[in-house]
Every structure is written in C-alpha cells, then in structure tokens.
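Input: one structure, supplied below.
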Amino acid sequence: MVDVRLVPVSADNWRDCVALRVVVAQQRWVADVSYYLCLCTYGDTWHPLAVEVDGRVVGFLMWGVDDDASRWIGGLVVDAGAQRRGFGAAAVVAAVRVLVAQEGCTGIGLSFAPDNAVARGLYARLGFVETGETEGDGEVVARMSLDTARAVAAG
Ligand SMILES: CC(C)(COP(=O)(O)OP(=O)(O)OC[C@H]1O[C@@H](n2cnc3c(N)ncnc32)[C@H](O)[C@@H]1OP(=O)(O)O)[C@@H](O)C(=O)NCCC(=O)NCCS
C-alpha cells in the first residue's frame with residue numbers, strides 16, 4: 001500500500017487543504033474542504049486531518065465519535081490530480097489505524113451516496129459492510145467491526 005500520512009491541519013497546511021479540488025462530476029458527493037474545516041472548527045463533532053504524500057497535501061478527511069463510541073470517517077477527498085494512485089484507500093486504512101487505537105473505540109462507520117460507485121467499492125474492499133441504515137439525505141451507512149478494524153490496522 002502507498003505511503004500516506006495523516007497530519008493535523010495547521011497554520012502551515014490549511015491553505016493546501018482548502019485548495020483541494022475533486023473532479024466536477026464528483027462535486028455532488030462532497031462539500032468544499034473549506035466547508036468541512038468550518039464544520040470542524042465551529043461544530044462539536046468532526047476533527048480534520050490532512051492526507052500527505054511525500055510532504056505534499058493530496059487529500060483530506062475528518063473523524064468523529066458517535067453516541068455508541070463508534071468512530072466515523074467523513075469528508076474524504078483526494079485531489080483530482082492525485083486520484084487513482086491508491087492514496088484514497090491508503091488514507092482510509094491510515095484513519096482506521098488512528099481510530100482503532102483510540103480508547104473505547106467500538107468500530108468504525110461511514111456513509112456515502114448510493115451512486116458513488118468508486119467510494120462504495122473502495123470501502124467494501126477495505127472491509128466496510130453496508131448495514132441497511134441510512135444517514136442524512138439517503139446516504140448508505142457501512143460499518144467495520146472492531147475485529148476487522150484491528151486486522152486492517154495490523155496490515
Ligand atoms: C473516493 C476517492 C477519495 C478515492 O480516492 P483515490 O485516491 O482515487 O482512490 P484509490 O486510488 O485508492 O482507488 C481506490 C479504488 O477505486 C478505484 N477508482 C478510483 N478512482 C476511480 C475512478 N474514477 N473510476 C473507477 N475506479 C476508480 C481504484 O481503481 C481503486 O480500485 P481497487 O481497490 O480495485 O484498486 C476520490 O475518488 C475522491 O476524492 N472522490 C470525490 C470525493 C468522494 O466521493 N469522497 C467520498 C465521499 S463518501
């Protein structure tokens with residue numbers, strides 16, 4: 001798997017995060033990273049991480065903790081110019097590693113638009129299982145059990 005690092009969003013890299021752009025056809029599935037950063041800053045749910053490869057920001061994601069102590073991954077974005085090189089999958093694996101190491105983690109959840117075939121396939125191949133739950137405006141929920149998360153984290 002390619003070598004990505006999840007790093008804090010900071011005074012040094014927030015502009016690189018905000019500059020991330022997805023392909024036009026993908027814009028309906030995610031918000032701008034600037035919106036996600038506001039959600040993280042002014043809301044009380046999400047925490048931001050930049051996805052770095054060789055010291056360069058190529059993507060972004062957020063994590064949060066649900067009422068049942070499951071961890072959630074949201075707002076996954078890989079810049080259009082950096083897609084299809086394994087960075088998205090590696091970023092999710094890196095996030096699983098971070099989240100499963102947190103005290104009290106009971107599993108990991110995420111959601112995606114049902115027609116987002118790339119995200120859907122990526123998550124399924126990594127071990128996220130669709131539960132039949134939906135979220136917000138019809139997003140499909142998929143969850144990774146604690147055991148699977150530990151196995152994924154162990155690589
Ligand atoms: C989803 C996303 C993060 C994937 O990032 P990525 O770096 O391109 O993903 P990877 O290179 O790790 O590819 C993961 C898998 O998807 C496949 N894939 C990636 N982009 C694809 C495309 N445009 N068409 C078909 N397959 C694609 C890859 O072939 C790979 O398949 P594999 O697991 O069989 O090898 C990226 O496409 C993106 O930012 N999309 C827009 C935002 C979005 O939808 N985020 C998810 C919200 S839930």
Side-chain angles (χ1 to χ4, degrees), residues 1-9 13-41 43 45-66 68 70-100 105 107-145 148-149 151-155:
M1 183 150 289
V2 295
D3 197 15
V4 307
R5 286 206 317 143
L6 299 183
V7 301
V9 176
N13 67 11
W14 70 265
R15 289 177 181 79
D16 298 327
C17 294
V18 164
L20 295 167
R21 294 284 177 273
V22 297
V23 177
V24 171
Q26 298 170 336
Q27 286 173 356
R28 67 181 190 277
W29 293 315
V30 279
D32 286 343
V33 172
S34 53
Y35 174 82
Y36 289 141
L37 284 176
C38 288
L39 208 56
C40 294
T41 303
T45 304
W46 293 104
H47 307 275
L49 289 169
V51 180
E52 265 190 15
V53 174
D54 294 333
R56 188 170 62 94
V57 174
V58 300
F60 174 87
L61 59 79
M62 315 182 285
W63 64 270
V65 184
D66 204 354
D68 63 358
S70 61
R71 269 52 177 175
W72 280 67
I73 297 170
L76 172 68
V77 163
V78 170
D79 189 70
Q83 290 183 9
R84 306 204 70 168
R85 290 183 223 166
F87 300 154
V92 175
V93 170
V96 166
R97 207 166 274 141
V98 167
L99 297 175
V100 81
C105 174
I108 300 176
L110 46 74
S111 69
F112 48 84
D115 63 340
N116 190 347
V118 169
R120 194 172 203 159
L122 184 165
Y123 299 139
R125 278 190 293 281
L126 291 177
F128 286 89
V129 178
E130 295 180 23
T131 61
E133 301 161 277
T134 54
E135 176 77 16
D137 46 4
E139 291 214 332
V140 172
V141 172
R143 293 181 184 267
M144 178 181 277
S145 71
T148 304
V152 168

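One-based numbering, in listed order, for ligands and for the atoms of each. Starting from 1, each residue takes its place in the sequence as its number.
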Notebook entry, point to check: With backbone taken as N, CA, C and O and side chain as the heavy atoms from C-beta onward, which portion of F60 lies under 4.0 Å from ligand 1: side chain, backbone, both, or neither?
Noted result: neither

Check: Hey, does the side chain of D79 reach the backbone of R21 with a donor-acceptor pair shorter than 3.5 angstrom?
Finding: yes

Checklist line | Heavy-atom side-chain proximity of V100 to M144 below 4.5 angstrom | finding: no

Check: What atoms of ligand 1 come closer than 4.0 angstrom to any heavy atom of L122?
Finding: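 Once the distances to L122 are compared, the set is 4 (C), 9 (O), 14 (C).
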
Note to self: Below the 3.5 angstrom mark, is there an N/O of R85, backbone or side chain, next to an N/O of ligand 1?
What the structure shows: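 Yes, at least one N or O pair falls under 3.5 Å.
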
Item checked: Close approach, S111 and ligand 1, non-hydrogen under 4.0 angstrom -> yes

Check: How are the rings of F128 and Y123 set relative to one another: parallel (under 30°), tilted (30 to 60°) or perpendicular (over 60°)?
Finding: perpendicular

Check: Got the closest protein heavy atom to atom 41 (C) of ligand 1, with its distance?
Finding: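 Answer for atom 41 (C) of ligand 1: Q26 OE1, 3.4 Å.
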
Checklist line | Protein heavy atom under 4.0 Å of atom 28 (C) of ligand 1 | finding: no

Notebook entry, point to check: If you count the non-hydrogen atoms of other residues, nucleotides and ligands that lie under 6.0 Å from CG in D3, is the total more than 12?
Noted result: no

Item checked: ligand 1 contact on R84 by region, counting heavy-atom pairs under 4.0 Å ->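 Both the backbone and the side chain of R84 come within reach of ligand 1.
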
Note to self: Please report whether atom 2 (C) of ligand 1 has a protein non-hydrogen atom at a separation of less than 4.0 Å.
What the structure shows: no

Check: Considering all heavy atoms of both residues, which atom of W72 and which atom of S111 are nearest to each other, and what is their separation?
Finding: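 Minimum heavy-atom separation between W72 and S111: CZ3-N, 4.1 Å.
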
Next item on the list: Using distance alone, decide if ligand 1 has a nitrogen or oxygen within less than 3.5 Å of any nitrogen or oxygen in V30.
Entry: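 No; the residue has no nitrogen or oxygen that sits under 3.5 Å from a nitrogen or oxygen of the ligand.
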
Margin query: Quick check for you: to the nearest 0.5 Å, what is the distance between C38 atom SG and W46 atom CH2?
Written below: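 It comes to 16.0 Å.
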
Check: Applying a 4.0 Å heavy-atom criterion (strictly less than), which segment of V23 is in contact with ligand 1: side chain, backbone, both, or neither?
Finding: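 Answer for V23: neither.
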
Next item on the list: Using protein heavy atoms only, decide if any is under 4.0 Å from atom 35 (O) of ligand 1.
Entry: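 Not a single protein heavy atom is under 4.0 Å away.
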
